[in-house]
Every structure is written in structure tokens, then in C-alpha cells.
Protein chains: 2
Amino acid sequence: MNDNHLVIMAGGIGSRFWPLSTPTVPKQFIDIMGVGKTLIQLTADRFADFIPAENVWIVTSKGYKDLVRKQLPEVPESNILLEPCMRNTAPCIAYVSWKIKKKHPNANIVVSPADHIVLKADEFKRVISKGLEFTASSANILTLGIQPSRPETGYGYIKRMSEVVVPEIFKVDSFKEKPDLAKAQTYVEEGVYLWNAGIFLWNVNTIEAAFRQCEPQMSAIFDKLANDFYTEKEQDSIDTHFPTCKAISIDYAIMEHAENIYVFPSDLGWSDVGTWGSLYELSTKDEDQNVVLSDNCRVIECKNCMTHVSDKTKIVVQGLDNCIIAENNGVFLICKKDQEQRIKEFSQLS
Amino acid sequence: MNDNHLVIMAGGIGSRFWPLSTPTVPKQFIDIMGVGKTLIQLTADRFADFIPAENVWIVTSKGYKDLVRKQLPEVPESNILLEPCMRNTAPCIAYVSWKIKKKHPNANIVVSPADHIVLKADEFKRVISKGLEFTASSANILTLGIQPSRPETGYGYIKRMSEVVVPEIFKVDSFKEKPDLAKAQTYVEEGVYLWNAGIFLWNVNTIEAAFRQCEPQMSAIFDKLANDFYTEKEQDSIDTHFPTCKAISIDYAIMEHAENIYVFPSDLGWSDVGTWGSLYELSTKDEDQNVVLSDNCRVIECKNCMTHVSDKTKIVVQGLDNCIIAENNGVFLICKKDQEQRIKEFSQLS
């Protein structure tokens, strides 16, 4: 029996991709790459070869249930866990871990965000498979660490120890917050710092033990809730008690305190696609360095632009340089690429 | 009895305002000024004080009948004349003249394009009223000549004679095609050249006589067709015989040959709104010289731009200079303002 499980965390709101991403249909449910699949579909695809659909679990907000059902019809409805409110990643992971454990007491779990991109699918598969073997045979937590290609200030970093523990896997020295540029440059030079991709692997008993040690209060909440899992009372109980969990990330709650954390440095063509700029970097460019992510967009005499419009829109753009041109549902943004950090401000004007 | 009549020529397709203007809903049926009224509504409004609705006649293409009915509900349905095909202005004017004459044998007529703009409404009313008096009391054709404010190469010109005939009215020396810039500059300097606004005034008997003299063949066609006017057979007969008229403008057919042509030089704030550039010139600008013709458009750190999007679209534009940003029905154009002569090329790309 395949006891490997995939948890996709799909509760984010992706506000930095407005107007494509909106609170109603956020980034993970959008074909942001212009490839014909949404980010959550691409995420599920990445694991489809080695984790069966009945072992795929989605944790998302109540409002996104229909989107998940529509975009991932192969995932059983009972595997879609609905948070009544946002409480960051730790309560989300506790909920799904307690739920999986009730039916699969020895499950090996890989946890992945719904809205990241991995370009090197084969290497990803190799790394995850090897990682799942590691967590199946040891009571350790494994994270993926991405070899940094630049002094990125938008990601957290993982500092690894020097000695290899098993081939390719290292013990974690410490987790580091998003650094400033100077610190990021040092990290890249020192060679033992990796980007924290937010992808975690563990046996369900390992993460449960970590929660019991680091978050006893939260563990007690889910111990009680577990009585109602897989019954008609589950959603009501979750709606009542999930909001009593404190909002805290898995990094703060567990990773920075537990001792048994390991990292698998990997080169995956990974990106969190966190900004228009990162999408631009990831995407194929034409000879004038334009990224055109929609068939119904014509770009003439433009340079360094990126366009992403919906199927309902036709657009001709002439003579622009260094611009983002994005449309979703009749809401349009045209701005200079270097102003994308102001997208929240722009979205409030529309 | 008020025997003054207004003919609005509304058959154009306004291709230079794509994507706002399309063959399905061309420029004259669009609120291109962003004032809450379409150009044909503004045109009808300009005459509403002194020409009753039952004396307003619209000549348009068959495909635009519903648009006219909807936008000018006060005009009787039987006053809407439908051309089965485009034959330029002379057959259009012959048709409506023969038809008006059959019921109103002494009608005084002013002919106006549907898609021009006049900013000085009071002066326009004074000029037209005085012009109608002139054509009611003489067998002369009167045109409006606009005092040129710049050496415009996009308009035809009217050269007037020097001596005033009746106060403010001059005999026409000749009509001039659209000049090149050097010639246009000479025209403006010489002081006796006026822009041809395509607005004509005449008694129905005067224009009939001019047609009989200059276009006997076309006159014969409408003599025969007139038997069916105001009967159920009218449209069928028009559909059969109107296409046999040659395609020719009223300027070529009549104005350049007839002897009894006069001009009323006037300062009306007139424009044919022929291009995005002329709309930009006409419109109120913000402090950064932007023209924003839609409430649902926010312009930040832009200069010399003009925006015109439909009610269904919301748009935020940041950091552009000298651009046209236009949307209609999900079709979008963004281009540099100085490239607007390429709009046909752009429209063919979408």
C-alpha cells in the first residue's frame, strides 16, 4: 500500500498579483503562467505520478471549496479541509495531520504550497521520493532547501550544517528570516544557506510529536476535534474551535524549535511566483524581452513588457517599455514594472 | 408653420476610432466625449430648440436603424431613411431631398454630419438660424465655413470671395481638397480660406435644381423612386435602385460645379472629431495634460495620455506618457498618441 500523502496548502489570497489574483479567485486558482493549467493544478500534477489522488489533501478557506472541486476533480471531496478563518500555516498543518493520522497512522506526508512553480519536474520527483524514504525510515523532519542563484531578499533562508548525514541530506543549523541585501549577499557567498521553499516532509507521527512538544495547546484542540473527523459534525466543530488556535506559521511554531530538522539542498527551477517580477523572470521572453502570457495579446514595438489578460479580452499594445499590462474580469492594470511593490495601492484605487 | 428641416447623415463607420468605433456601433452612436450622450444625440440636441422632431430626418445604413431608434426616440420612424449600401453623400442627400420635397414642397433644409462636435452652441444656433433665413429667401446654397485656427491638413477648405454679399455671408470662390502642410499654411495666412465643415443649408427646390443640372441621371432615379415614397414599397424600391446610383460626394457632384454657392464664416468650436488627436485637443485636460474620459479610470503619474474605456471596465494606469488607452467591449488598444494613424493596422492585429 502506498502510504505517501500530499498536503496542498491553498488558503492564500495572493494580493501581489492583483488584478489577476483577487480574494474571490486568488493566485493558486489562476493560470498565471499562461500554460493552460492553474498553479494548484500544476502543483497536483507534480506529484500525480507517485501519490494517488485519494492520498491528496487540500487545506483551503471555505470560500474556495468549489474552485478546488472544479480544478482538482480527482481529489475526493472528503479530502478537502476547509478553514473557517486564516490562522497561518501551523493550525492548518495540525488539522490535516491529525485528520490523516486518524485513518493512516503511519502516513508519510509531503506538504506543499499550492502556488509555487517547479520547472525541473524530474529532479523534483527524485528529490521528493528520496525525501519520503528518509522520513519513512527516521523520526525526522525534512525541508527542501533551494540552492540560491541570487541574493534574493524576498525569501527566508535555511542554514545547513557542513557534514552530510545521509547522501544529499544535511542537518539544519537554523532558519533565517528574509534578509536585507547585504546579509543575503553574505548568505550566498558562504555556500551553506538555502532558500526556504516551504515544502516539508515528515511521517505523521513525527509532526504530531513535534506539535505535542512545541504547541501543546494547539495539539489539545485537535485531540478533541479528532473525535468528530470523518463525521457529519466535523465542519461544525472546526468552525467553532479552529478559530481558537493562535495564528502562527509552521516555521515559528515548529521549525525554529525542533531539533530533528534536516534539509535536502536541491536545484529545482523553483519559484514562489511571489511577484510579477518573479513571473517575468521565470517566463519565456520574445526577442524584445517581452513576456506575453495570453494568445489574445499583440505586442508591437514594446520592450521588457509583460502582459496577462483573460480570454474575454483582446488587446493590442504598441510602444511601451518596462510595463506590466494585466487584466482579469474587466479590471485592468497598466504600470511600470519597477512599481509593482505599489500594487496594493493601485488595487485600492480601482 | 415651421418649414425648417434637419437632415442628419449617419451612415459612417468611423474606423479611425477603433476599438471604440466598430462597424457594428460606429463613432456617431458612441459617447466618445464622455459626456453621457452619443455624438448623434449631441447633434440632434444642437437643433432641438428651433427644428421640431417631426422635421428631423436621419439617413443611415440599414444596420443602424435600431441604434437610431434607441438613441433618438423622438424622431418619427418614417423619418429614418435606410441606405442599402454606401454611396457617399450625394445619393444620400438626393434621396432625402426628394422625399422631403414630396410632403414639404418649400422645406428649408440644413444638412449635418452625425459625428461632429460644436462647442459654441449659442453661436451655432445664431448662424444656422440666419443661414436658414438666407436660403429661404434666395435660391442659393449656403455652407458653413469654419475660421481655421491652425494649418490643418485633415480638412478640405473653402475659398471665399472678398466682398460680403449680405452681412456675414460671402460667395464661394472655390472648394479645395485637403492640402499639404505648406499649402495649408498659405491658406491660413491669406485669410479667405475656411474649413469645410460639411454642413449645408438650402431650400429643397434649390438643391433639387442643382441635382437636375449637375446629376441628371441620379435625379431621374429619384424621380422614379419618389412614386413609392411614404408607401410600403419604399424600402424595396430603394433597395433595388439606390445601389444603381454612382458613389460620389455632394462636394464633387454639386458644390464644385454650381454657381450659386455661398459661405457663412463662423467660429463655432467645431471639430469633425476625426481622430484620437482631435478628441484629445477638444477635451478638458488634468494638470498633467491627461484626458480621462471615463469615471472608472484612474491615472497615476501619467502625462499627455488619453483614456476612454467602457462602463464594464475598471482600469488603473501608472507611469505612461503620450499614450492612448482605449477599450470597448473587451477590445483594448494601448498605443503611443503619435502612432494613431496606424490604428487600422492595429485593429487588424486584434
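Chain letters run A, B, ... following the sequence lines, proteins first, then strands; residues in each count from 1.
Ion pairing between a basic and an acidic side chain is recognised when a charged N comes within 4.0 Å of a carboxylate O; K314(A) and E327(B) show no such pairing.
When heavy atoms are compared at a cutoff of 4.5 Å, K312(B) approaches chain A solely by way of its backbone atoms N, CA, C and O. With a 4.5 Å cut-off on non-hydrogen atoms, L320(B) touches chain A through its side chain but not through its backbone. Using a 4.5 Å cut-off between heavy atoms, C323(B) touches chain A through its side chain atoms alone. Contacts between I325(B) and chain A at a heavy-atom distance below 4.5 Å involve the side chain alone, from C-beta outward.
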Fill in: Full working for side chain to side chain contact (heavy atoms under 4.5 Å, CB included) between I300(A) and Q339(B)
CA-CA 11 Å; I300(A) 313 161; Q339(B) 298 299 307; over 6 Å; no

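The distance from the CZ atom of F332(A) to the OG1 atom of T307(B) is 13.0 Å, given to the nearest 0.5 Å. Here CD1 of I334(A) is found 8.0 Å from SG of C297(B). Values are rounded to the nearest 0.5 Å.
For K176(A), the NZ atom is densely surrounded, since the number of other residues' heavy atoms within 6.0 Å is greater than 12. Other residues, nucleotides and ligands contribute more than 12 heavy atoms inside 6.0 Å of the NZ atom of K336(A). Within 6.0 Å of the NZ atom in K37(B), the count of heavy atoms belonging to other residues, nucleotides or ligands does not exceed 12. Residue K183(B) places its NZ atom among 12 or fewer non-hydrogen atoms of other residues, nucleotides or ligands, all under 6.0 Å distant. Enclosure of atom CG in D180(A) by more than 12 non-hydrogen atoms of other residues, nucleotides or ligands within 6.0 angstrom is indicated. Annotation for E177(B): atom CD does not count as buried by contact number, only 12 or fewer foreign heavy atoms lying within 6.0 Å.
Q318(A) contributes no side-chain N or O that, together with a main-chain N or O of F346(B), makes up a donor-acceptor pair within less than 3.5 Å.
Looking at heavy atoms from C-beta onward, I315(B) lies out of side-chain contact with V331(A) at the 4.5 angstrom threshold. Looking at V316(B) and W18(A), their side chains come closer than 4.5 Å, going by heavy atoms from C-beta outward.
Counting heavy-atom pairs under 4.5 Å between each of V309(B), N296(B), V317(B) and chain A puts V317(B) at the top.
Of all the heavy atoms in L349(B) and R298(A), the pair that sits closest is O-CG, 3.3 Å.
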